[in-house]
Amino acid sequence: MALHTTSGRWQLGFFLAATSTLLWGSLPIALSIMLKSIDPYTLTWYRLLGAGLILGVFLGANGTLPKLWSRPKSKLVMLLIGSIGLCGNYIFYLLGLNHITPSSAQVVIQVAPLLLLLGGLILFKERFSKVQSLGVLIFCVGFALFFHPDLKDILSGIGSKPKGVFWILCAATSWSVYALLQKQLLTDFTSPQIMFLIYVIIGLVLLPLTQPLAAIDLTPSQLGILLFCVLNSLIAYGS
């Protein structure tokens, strides 16, 4: 099986990664507000449905909608597992936000790119520089210092914070699975095609667990925040 190789355009990659980081940094605040009015499953469904519809219109207008029947079965299996991974990331993250603050959630979720980095080393044979090693060390020390005051409660399992940390770690792990599989899927699909298919798959899977008419009871400001969450998902994951 051919492995995906990088294009060498690191400046563009850095810009896109930074865009995702900035958008994800603002997302927990919006999600925390929306969770007061909508359950996690319905909120995730709205986000993916909206992003999928916008992306589907874009692909359809350009005549680039993905054709699954011409793809290897192994890639379709990867697509399904990747969809489950991203779905888990969305749901687990929202469950975690019910127990810890957005700032704590953002610190814990940084385990996700660390897992992606390790996966790249193992699966894609990427090289690891001394500067990157130093970065990982600094991250681990900072992570420990941030949670040190609450470490006793977290390890004891008392209170809601351990549950929140657990769910966010689940979100980080499932996201890294999705991201690694998405990178490999780039040998057969474009990034927009992958995201469109994943949005559609997750939307269908979550539908039985949702309340599609929940948006009717939202205020104009809440609808605006929901729209922000949709566009955030589209742009951040697209980047």
Side-chain angles (χ1 to χ4, degrees), residues 20-49 51 80-119 136 139-140 142-182 195 198-199 201-211 214 222 225-226 228-230 232-233 236-237:
S20 295
T21 300
L22 291 173
L23 289 172
W24 284 333
S26 61
L27 185 60
I29 299 174
L31 292 177
S32 295
I33 295 173
M34 292 308 302
L35 283 173
K36 298 177 182 178
S37 305
I38 300 180
D39 66 90
Y41 301 103
T42 303
L43 178 55
T44 299
W45 184 75
Y46 274 132
R47 290 173 62 193
L48 298 180
L49 177 66
L80 179 60
I81 297 174
S83 300
I84 295 173
L86 185 59
C87 182
N89 168 256
Y90 274 67
I91 298 299
F92 294 148
Y93 191 85
L94 291 177
L95 292 174
L97 278 177
N98 279 328
H99 299 284
I100 59 177
T101 64
S103 59
S104 296
Q106 279 302 91
V107 172
V108 180
I109 200 64
Q110 298 312 311
V111 172
L114 181 62
L115 294 175
L116 177 61
L117 183 150
L118 295 176
V136 171
F139 166 79
C140 293
F143 192 85
L145 290 174
F146 183 87
F147 283 101
H148 181 263
D150 305 302
L151 192 59
K152 185 177 180 180
D153 291 339
I154 292 175
L155 294 177
S156 66
I158 299 174
S160 62
K161 179 163 284 190
K163 294 179 181 178
V165 172
F166 170 77
W167 287 123
I168 299 297
L169 287 176
C170 289
T173 303
S174 59
W175 182 87
S176 65
V177 172
Y178 142 76
L180 289 168
L181 288 174
Q182 187 200 34
M195 295 314 304
I198 287 178
Y199 289 150
I201 292 172
I202 298 178
L204 293 174
V205 171
L206 287 180
L207 184 58
L209 304 174
T210 64
Q211 302 177 38
Q222 289 173 327
I225 296 174
L226 181 60
F228 168 78
C229 292
V230 170
N232 190 298
S233 301
Y237 277 94

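At a threshold of 4.5 Å between non-hydrogen side-chain atoms, the residues Lys36 and Gln222 do not count as touching. Using a 4.5 Å heavy-atom threshold, the side chains of Leu226 and Leu43 count as touching. Tyr90 places none of its side-chain heavy atoms less than 4.5 Å from the side chain of Pro40. Proximity of Ile202 to Trp45: side-chain heavy atoms (C-beta onward) are nowhere separated by under 4.5 Å. Considering only heavy atoms from C-beta on, Tyr199 stays 4.5 Å or farther from Leu49 through its side chain. Between Cys87 and Thr44, the closest side-chain pair of non-hydrogen atoms is not below 4.5 Å.
Residue Leu97 comes nearest to Leu31 through the heavy atom pair CD1-CB, 3.9 Å, listed as atom of the first residue, atom of the second, then distance. Taking both residues in full, the closest heavy atoms of Ser26 and Asn232 are given as OG-ND2, 3.7 Å, listed atom of the first, atom of the second, then distance. Across Gly82 and Leu181, no two heavy atoms sit closer than the pair N-CD1, 3.6 Å. The two atoms that bring Ile109 and Ala171 nearest to each other are CD1-CB, 4.0 Å, heavy atoms only. In terms of heavy atoms, Arg47 sits closest to Val230 at CA-CG2, 3.8 Å. Heavy atoms only, all atoms of each residue included: Leu23 and Ala236 are closest at CD1-N, 3.6 Å.
Taken from OG1 in Thr210 to CG in Asp39, the straight-line distance is 8.0 Å, to the nearest 0.5 Å. Atoms SG and CG, from Cys229 and Leu48 in turn, are 11.5 Å apart once rounded to the nearest 0.5 Å. Separation of atoms SG (Cys140) and CG (Leu145) is listed at 11.0 Å; rounding is to 0.5 Å. Note that the CG atom of Asn98 and the CG atom of Leu35 stand 5.5 Å from one another [nearest 0.5 Å].
Thr42 places no side-chain N or O within 3.5 Å of a backbone atom of Ile38 that could act as its donor or acceptor partner.
Annotation for Leu204: atom CG counts as buried by contact number, over 12 foreign heavy atoms lying within 6.0 Å. Atom OH of Tyr41 has 12 or fewer neighbouring heavy atoms from other residues, nucleotides or ligands inside a 6.0 Å radius.
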Quiz item: What's the verdict on side-chain contact (heavy atoms from CB on, under 4.5 Å) for Ser174 and Leu86, showing C-alpha distance, side-chain angles and the deciding distance?
Solution: CA-CA 6 Å; Ser174 59; Leu86 185 59; over 6 Å; no
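For the ring pair (Phe, Tyr, Trp, His ring centres under 6.0 Å) with Phe92, the lone residue among Trp175, Trp167, Phe166, Tyr178 that qualifies is Trp167. Between Ser176 and the options Leu115, Asn89, Leu114, a side-chain contact (heavy atoms from CB on, under 4.5 Å) holds for only Leu115.
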